[in-house]
2 protein chains.
Amino acid sequence: MPLSYTEENYIKAIFKLSEKDDQPVNTNAIAKSIATTAASVTDMIKKLSEKGFVYYERYKGVTLSPEGKSVATQLIRNHRLWEVFLVNKLQFGWDQVHDLAEELEHIKSTDLINRLDTFLGNPKFDPHGDPIPNREGKFTLRNQTTLGTLLTDQTGILVGVREHTTPFLAYLNGLNINLGTELKIIERIQFDRSVKVQINGKEMSMFTEQVSQNLFVKLK
Amino acid sequence: MPLSYTEENYIKAIFKLSEKDDQPVNTNAIAKSIATTAASVTDMIKKLSEKGFVYYERYKGVTLSPEGKSVATQLIRNHRLWEVFLVNKLQFGWDQVHDLAEELEHIKSTDLINRLDTFLGNPKFDPHGDPIPNREGKFTLRNQTTLGTLLTDQTGILVGVREHTTPFLAYLNGLNINLGTELKIIERIQFDRSVKVQINGKEMSMFTEQVSQNLFVKLK
DNA sequence: ACGTAATTTTAGACTTATCTAAAAATAATT
DNA sequence: AATTATTTTTAGATAAGTCTAAAATTACGT
């Protein structure tokens, strides 16, 4: 029996919450992440545990099994390839594609996805700079820091964004900031850790710490 | 509330069953068409009737309301545009795309579909020769007959197929028959109404009546 | 370490879509 | 026209996923 969209969404949520540290994930964290109740999460986790996608011990949180991780990686591959399609081929903005990719990612056909990959020229990163896992599930790593770590007079090239929400991306659009944009630190305000930044050698702008922490850059 | 995939599939089934004559559709016909039971169909029809997508009277069958027809037309537009994408861009065979398009068609975004339409060059027909309704739901009509009606020595150009099943399309693949292929009637066998046909001026082949009734052609 | 707070699980109810089996209505046959 | 056959609907049950409210467990604070 194939997994339902709902089951897949739980697996994805668990993957994202344990991505960094690979630690067990709390019931409440999952509930918040997919806007449901703790009770529903407990029910679903039991089911996923019986099916072998997660390891679960009552009151102790949940971790993905290798099968679960594989499902999550596949979904992320699907999602990011569809985002590339929507932006590069259908001319959507990077702030418009998340919800559509969220639906498209559930169409389960490795043949479809591999053909799409080929059609798009085997991209390594999606429109937000996130790495696209390959057929074997391997992610391309990239050395990146956040804009917040750069020193005065250093220039970073935008290679990714942490936040994917429409408001944040639309804000960047308003400043003509895209992947590849050069951001030069003109001044750092100690008081609130905001920074004055020059964009592509032209306009100046102020970024709060919250903004600069959400911008991934590589040093020019 | 948006329609569920299930509700949409019922609406599509009713549309297809009443397409020709626009007559009320039987409960049993719907049940057979989507491989479910008459009881389930009755339940769903009641629901769709309350929502205004069908007109329904107990024991008298069901017809689509204008809203229902609009939903069906939209789904057909989605389905056929995705089929064009899969065949023309991702290099799928015309015998491989039905099930995938069946999933893709349910993604509800007119923006997505209109952009896809533009990207594909506003095609008027899908890979099986079926007309693609435009944004307003209008189908392009085409004068066509079946190969069965052609006389000896007449040549038809394949413009569509009635059957969309994988076995039938794969059979045509085996004979190198595609849209655009020229089919010349060499001989008609009165006994069983089978025909001897020359394909693209080269190979000969025999078609049973069942085959020639499923091939739409225009006279050369 | 003991009581309180927070988290997690269980219990029971609800919704959607499905099914089987029985009842009701319509259609067909003699 | 009456009986039989077919079709359709109803009734009741099941499964997936969700919820609220209550119970169980774990964590925290003094």
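Residue numbers start from 1 in every chain, and the chains themselves are labelled A, B, ... in the order their sequence lines are given, proteins ahead of strands. None of these values were measured; they are calculated from a predicted model.
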Check your understanding: Looking at B:H164 versus B:H128, is the centre-to-centre ring distance below 6.0 Å?
Key -> yes

Review point. Between atom CD1 in B:I30 and atom C1' in D:dT8, what is the gap in whole Å?
Key: 12 Å

Revision key, fill the gap. Paired with A:E105, the side chain to side chain donor-acceptor pair (under 3.5 Å) test is passed by just one of A:R77, A:H79, A:R80, A:Q74, namely A:H79

Practice item. Take atom OH of A:Y10 and atom P of D:dA16, then tell me their distance rounded to the nearest Å. Key: 14 Å

Review point. Quick one: A:L3 CG to D:dA16 P, roughly how many Å, whole number?
Key: 13 Å

Pairs under 3.5 Å (N/O, protein and nucleotides 10-14 of chain D):
| from | atom 1 | to | atom 2 | distance (Å) |
| --- | --- | --- | --- | --- |
| D:dT10 | OP1 | B:R58 | NE | 3.3 |
| D:dT10 | OP2 | B:K46 | NZ | 2.5 |

Practice item. Name the nucleic acid region contacted by B:T6, choosing base, sugar-phosphate or nothing; use a 4.0 angstrom heavy-atom cut-off, strictly under. Key: sugar-phosphate

Practice item. Measure the distance from OH on A:Y5 to P on C:dT16 and round it to the nearest whole Å. Key: 20 Å

Exercise for review: Write down the distance between CG (A:N9) and C1' (D:dA16), rounded to a whole number of angstrom.
Suggested key: 15 Å

Practice item. Kindly say if B:T27 contacts the phosphate of D:dT7, meaning a side-chain N or O under 4.0 Å from OP1 or OP2. Key: no

Review point. Can you list the steps and then say if B:R135 with B:N122 is a side chain to side chain donor-acceptor pair (under 3.5 Å)?
Key: CA-CA 10 Å; B:R135 288 164 202 223; B:N122 305 110; over 6 Å; no

Review point. Does A:Y59 have a side-chain nitrogen or oxygen under 4.0 Å from the phosphate oxygens OP1 or OP2 of C:dA6?
Key: no

Check your understanding: Using a cut-off of less than 4.0 Å, is there contact between a side-chain N or O of A:N26 and OP1 or OP2 of C:dT8?
Key -> yes

Exercise for review: Answer yes if the side chains of A:N173 and A:W94 hold a donor-acceptor pair under 3.5 Å, and no otherwise.
Suggested key: yes

Practice item. To the nearest Å, give me how far apart CD1 (A:I45) and P (C:dT8) are. Key: 9 Å

Point to revise | Short side-chain donor-acceptor distance under 3.5 Å, A:D111 and A:S109 | key: no

Point to revise | Lys NZ or Arg CZ of A:K89 over A:F119 ring: under 6.0 Å, within 45° | key: yes

Point to revise | Any B:N28 side-chain nitrogen or oxygen under 4.0 Å from OP1 or OP2 of D:dT6 | key: no

Exercise for review: Give the rounded distance in Å between these two atoms: NZ of A:K32 and P of C:dT8.
Suggested key: 11 Å

Practice item. Could you check whether the rings of B:F85 and A:F85 sit parallel, tilted or perpendicular, using 30° and 60° as the cut-offs? Key: tilted

**Study point:** N/O (side chain, B:T36) to phosphate O (OP1/OP2, C:dC19) under 4.0 Å
**Key:** yes

Review point. A:K60 NZ to D:dA24 P: how many Å, rounded?
Key: 18 Å

